[in-house]
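I have placed the structure first, in the form of structure tokens, so that the comments after it can refer back to it.
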Amino acid sequence: MGEKLLIAGNWKMHKTPQQTVEFFQEFNPKVEGIDEVEILICPPFIDIPAAVEATQGTNIKIGAQNCFYEKEGAFTGEISPIMLRAAGCQYVILGHSERRHIFGEKDEVINKKVISALEEGLRVILCVGETLQERESGLTFTVVESQLKLGLSGVEDKLDQIDIAYEPVWAIGTGVAAKPEDAQEVHAFIYSVLNKLNPEKASKVRVLYGGSVKPNNAEQLLSQPDIKGVLVGGASLKPETFAEIVKIGQRLSNK
Ligand code: PGA
């Protein structure tokens, strides 16, 4: 773990169970035999059983887009890491900017989720990234460093079970990806922060880029030395498009 590029799809609030089955009917043959990159799809909770079933015996992994930090109890509307594991999830995305900005999740809550998910054996993709206003105020590194330190507080010794997604908020769903060299600059900074948190395990973390990744920019992004994968929203919804990104990753693997 750690050396393969991670090509991850975040479906957000898209697709029914039936549409999930249809996606994998088309997608699976397109990525059959690809094992130089890790392929992950994170569908809505309700689609997870269908996705797990549709990917049995393939090299495609399934994850969730969020979870709560308690194991069970009176938490109406929430899903626990235990439930995700039992359903066949191997990953969970935490701290996505939509969770932070639409649902008001703070670093402290995200950190509790990270701790709990790791305890239950899920791999975590922790998302960090600055808003446009923060970037324009020169706060990118300050914001990213603080999100990393607070999000990873108490789990610095488990960095080998964690991946980070750098997703500048201004690039998500806008069609305007970060310039590869600008993303690289932040990725290098993220590795420097991780290195301070745990010098032995920092290099095992894959720092993914997310925000308007498409087949036509994936190659340039993934060619940067510190971009070890991508977290793809809109372009992961179509089997053809996501498979193209997976194949770009495969071509560039072993870089
Ligand atoms: P996008 O979303 O690819 O649609 O910009 C990425 C994300 O939010 O993970």
Side-chain angles (χ1 to χ4, degrees), residues 5-15 19 23 27 37-45 47-48 51 60-67 89-105 110 113-114 117 122-132 134-135 140 143-144 147-148 151 162-180 182-183 186-187 190 205-222 224 227-249:
L5 297 178
L6 175 57
I7 311 295
N10 171 13
W11 282 0
K12 310 192 179 184
M13 199 172 71
H14 292 283
K15 295 192 193 293
Q19 290 167 332
F23 174 92
F27 181 68
V37 297
E38 209 177 337
I39 307 169
L40 172 69
I41 297 269
C42 299
F45 290 135
D47 298 330
I48 288 170
I60 304 158
K61 294 179 179 163
I62 301 301
Q65 303 168 14
N66 181 32
C67 67
C89 285
Q90 299 185 53
Y91 279 83
V92 62
I93 298 171
L94 293 172
H96 189 278
S97 75
E98 285 147 21
R99 300 298 319 169
R100 292 177 190 265
H101 297 291
I102 302 174
F103 301 102
E105 279 189 24
I110 295 164
K113 294 182 173 193
V114 170
L122 289 164
R123 283 189 65 89
V124 166
I125 300 176
L126 173 67
C127 301
V128 299
E130 80 288 0
T131 62
L132 184 58
E134 288 162 345
R135 173 158 281 257
T140 298
V143 168
V144 166
Q147 289 174 339
L148 284 171
I162 297 168
D163 297 299
I164 302 294
Y166 168 58
E167 300 205 310
V169 179
W170 45 271
I172 296 178
T174 58
V176 185
K179 290 199 191 85
D182 291 344
V186 182
H187 280 236
I190 291 173
V205 178
R206 287 167 296 185
V207 182
L208 319 179
Y209 169 79
S212 297
V213 175
K214 306 271 181 284
N216 65 10
N217 60 18
E219 176 150 7
Q220 267 193 309
L221 287 160
L222 284 166
Q224 301 296 316
I227 299 187
K228 307 288 188 183
V230 282
L231 182 54
V232 185
S236 72
L237 293 169
K238 291 210 180 95
E240 179 68 44
T241 319
F242 192 56
E244 269 186 67
I245 298 173
V246 169
K247 285 175 191 162
I248 291 166

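Both counts, for ligands and for their atoms, begin at 1 and track the order of listing.
When only non-hydrogen protein atoms are considered, atom 9 (O) of ligand 1 lies nearest to Glu167 OE2, 2.7 Å. Closest to atom 2 (O) of ligand 1, if we only count protein heavy atoms, is Lys12 NZ, 3.2 Å. Of all protein heavy atoms, the one closest to atom 3 (O) of ligand 1 is Gly233 N, 2.8 Å.
Salt bridge Glu105/Lys113: present, at least one basic N to carboxylate O contact under 4.0 Å. Under 4.0 Å is where a charged nitrogen must lie from a carboxylate oxygen, and between Lys15 and Asp47 no such pair does.
Listed by number with element, the atoms of ligand 1 under 4.0 angstrom from any heavy atom of Asn10 are 9 (O). The contact set between ligand 1 and Gly234, taken as ligand atoms under 4.0 Å from a residue heavy atom, comprises 1 (P), 3 (O), 4 (O). Every atom of ligand 1 is numbered from 1 in the order shown, and the set under 4.0 Å from a heavy atom of His96 is 7 (C), 8 (O), 9 (O). Shown in contact with Gly173 at under 4.0 Å from a heavy atom are these atoms of ligand 1, numbered in order with element: 1 (P), 4 (O), 5 (O).
Residue-level proximity to ligand 1 for Ile172 is carried by backbone and side chain together, each with a heavy atom below 4.0 angstrom.
Leu231 places a side-chain heavy atom less than 4.5 Å from the side chain of Glu167. By the 4.5 Å heavy-atom criterion applied to side chains, Leu222 and Lys228 are not counted as neighbours.
The shell of residues lying under 4.0 angstrom from ligand 1, judged by heavy atoms, includes Ser212. Within the structure, ligand 1 lacks Ala235 among the residues with a heavy atom less than 4.0 angstrom away.
Ring geometry for Phe23 versus Trp11: interplanar angle over 60°, hence perpendicular rather than tilted (30 to 60°).
Leu40 CG to Ile7 CD1: the interatomic distance, rounded to the nearest 0.5 Å, is 10.5 Å.
Inspection of the Glu244 and Thr241 side chains reveals no N or O donor paired with an N or O acceptor under 3.5 Å.
Considering backbone and side-chain atoms alike, Val232 places every N or O at 3.5 Å or more from each N or O of ligand 1.
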| query | Could you walk me through whether Tyr166 and Gln147 pass the side chain to side chain donor-acceptor pair (under 3.5 Å) check? | reply | CA-CA 11 Å; Tyr166 168 58; Gln147 289 174 339; over 6 Å; no

